[in-house]
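Have a look at the structure below before the remarks.
We name chains A, B, ... by the order of the sequence lines, and we start the count at 1 in each one.
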There are 2 protein chains.
Amino acid sequence: MKPERAFRPNRASRLHPTLSGVERMAARDRAYHDLRYRILTGRLAPGTTLLETELAALLSLSRTPVREAAIKLAEEGLVSIRARHGITVRELTLRDVAEILDVFSALEIRAVALVARRGLARAEHDHLAGLLDRMEQSTEAGDIARWSDMDDDFHAGMVSLCGNPRLLRTLGEYWGQQYRARMLILPLRPSPRQSDIEHREILAAVGAGNEDAARRLHQRHRARADAQQLALLTNRLPPGEADET
Amino acid sequence: MKPERAFRPNRASRLHPTLSGVERMAARDRAYHDLRYRILTGRLAPGTTLLETELAALLSLSRTPVREAAIKLAEEGLVSIRARHGITVRELTLRDVAEILDVFSALEIRAVALVARRGLARAEHDHLAGLLDRMEQSTEAGDIARWSDMDDDFHAGMVSLCGNPRLLRTLGEYWGQQYRARMLILPLRPSPRQSDIEHREILAAVGAGNEDAARRLHQRHRARADAQQLALLTNRLPPGEADET
DNA sequence: TTTGGATATTATGTATACATTACGCAGCAA
DNA sequence: TTGCTGCGTAATGTATACATAATATCCAAA
């Protein structure tokens with residue numbers, strides 16, 4: 001696939017790169033981003049099953065690029081390919097979300113620690129601090145949707161400074177996997193005052209170059225936020241079976 | 001690709017699944033495992049560039065499955081695909097290894113913490129303890145190659161119990177990426193007494209179900225071992241340029 | 001001799017053709 | 001009615017054909 005930037009600057013382009021720039025794109029990439037976008041936004045509902053041929057017709061392409069896109073989506077866990085049964089949009093189970101958050105948080109904590117080690121430039125710090133200002137305003141105003149968007153930008157903006165492209169790439173993959181769950185609980189979320197406080201603490205530790213504090217604070221933040229998210233999802237998602245290892 | 005097990009029980013099958021069982025495999029998977037094996041073991045040297053057509057001829061397949069395999073290898077970072085210039089086996093730079101180890105260790109630490117939370121069955125504990133016994137014997141005997149193999153088995157065996165298939169999958173990907181560097185320093189390694197000690201401590205903490213201790217101990221272990229590995233690789237690998245973010 | 005431009009070559013990206021194989025259904029028997 | 005066997009169908013996996021686009025070379029001119 002194209003050597004695309006791992007974690008793009010704003011949420012819209014993380015969701016669908018083509019929506020920002022109207023550059024010419026290879027068919028395979030178009031297929032990939034198109035399908036991913038439709039899945040993440042629910043335009044292709046979980047459980048939907050399509051054959052390669054049907055997908056190709058849907059996107060006005062031949063099977064080859066569609067197939068390659070489907071393989072990539074399957075590797076990312078967004079669809080499952082069952083030979084001769086078509087390509088099915090995966091439904092997230094509670095267990096899936098727990099698994100995803102486990103990986104995602106481990107990576108994000110490491111990324112934040114790296115940023116702390118590396119240190120923040122003035123402009124970087126100001127940008128992040130500005131986001132926090134606006135998030136606190138949104139909290140006051142009770143605008144949870146706006147807050148959530150900026151929360152996403154804050155996390156993405158922070159980790160994007162870690163200087164490890166591979167880490168960013170993998171993080172981006174898991175971001176896609178948890179996106180639908182995140183959207184699902186958006187209207188259910190209580191006031192994010194506690195998150196606002198923790199974000200300030202994290203930014204302070206990172207800004208001070210205190211790697212160990214940043215790691216501990218972010219770990220606490222994620223543990224709390226992830227537990228809350230899972231709690232909100234309980235009984236709103238199928239549980240998912242335990243696997244036998 | 002096939003729904004293969006993320007982190008296989010022994011090193012040989014992690015390196016090349018087909019070497020163990022002689023099951024019939026799809027052409028795409030054959031191509032993938034074949035190429036990956038050749039790259040990891042150096043049979044395809046870094047810098048080697050081949051065209052899709054040449055790879056297809058090499059493996060007696062058509063371009064389609066070879067191409068899909070190459071795309072997957074590129075996503076894993078083992079090769080780079082430059083349009084019209086062929087598929088090049090990537091050379092690891094010091095920077096690459098540092099990036100890889102950063103991600104790998106973050107994931108492994110999380111996995112070990114999960115195992116501690118979950119607890120060890122008697123048989124699992126005994127298996128891992130048995131490995132440590134034999135590793136210590138190898139240390140005494142100065143058989144570093146044998147020690148290294150079992151070290152790998154110990155780490156893989158430990159994380160395979162974490163109960164998170166996604167984590168294992170991603171871990172396996174990064175394992176492949178760092179494999180060549182690991183082999184490179186094998187003959188240079190000093191006596192791994194310190195690792196032996198730390199392994200015992202980690203296993204004890206995990207066995208006791210002490211998640212926090214396990215996390216801390218494993219973090220310390222990886223930090224030390226990774227730093228040592230990087231030190232041994234300095235001046236033996238090209239540095240790699242800093243990226244501008 | 002060097003530079004610029006045009007053309008030819010060729011590798012990839014995409015489309016399509018073909019072969020294989022697994023699944024479901026029908027029909028028969030218990 | 002239920003279960004088993006065999007065959008037909010159709011979706012995938014693989015091969016190949018074709019179009020596109022980029023590079024390199026060659027020739028000419030300065």
query: Does a side-chain N-to-carboxylate-O contact under 4.0 Å join B/R134 and B/D149?
result: no
message: Taking the side chain as everything from C-beta on, heavy atoms only, tell me whether A/M25 gets closer than 4.5 Å to A/Y32.
response: no
Please output the side-chain donor-acceptor pairs of residues 79-89 of chain B that fall under 3.5 Å, not counting sequence neighbours, one pair per line with the distance.
unit_1	atom_1	unit_2	atom_2	d
B/R82	NH2	B/H85	ND1	3.2
B/T88	OG1	B/T49	OG1	2.8

field: For A/L51, all residues meeting side-chain contact (heavy atoms from CB on, under 4.5 Å), sequence neighbours excluded
entry: A/E54
Give me, pair by pair, the N or O atoms of the protein and of nucleotides 12-14 of chain C that are less than 3.5 Å apart, along with how far apart they are.
unit_1	atom_1	unit_2	atom_2	d
C/dT12	OP2	B/E52	N	3.3
C/dG13	OP2	B/R67	NH1	2.7
C/dG13	N7	B/R63	NH2	2.9
C/dG13	O6	B/R63	NH1	3.1
C/dT14	OP1	A/A27	N	2.5

Under 3.5 Å between N/O atoms: give me all the protein pairs with nucleotides 7-9 of chain C, atom names plus distance.
none

query: In terms of side-chain heavy atoms, does A/T93 have a donor or acceptor partner in A/D96 at a distance below 3.5 Å?
result: yes
field: salt bridge (Lys or Arg N to Asp or Glu O under 4.0 Å) against A/D226, all qualifying residues, sequence neighbours excluded
entry: A/R222
- line: So the ring-ring contact (aromatic ring centres under 6.0 Å, His included) pairs with at least one residue in residues 147-171 of chain B (sequence neighbours excluded) are B/F154-B/H199, B/H155-B/H199, B/H155-B/H218, B/H155-B/H221
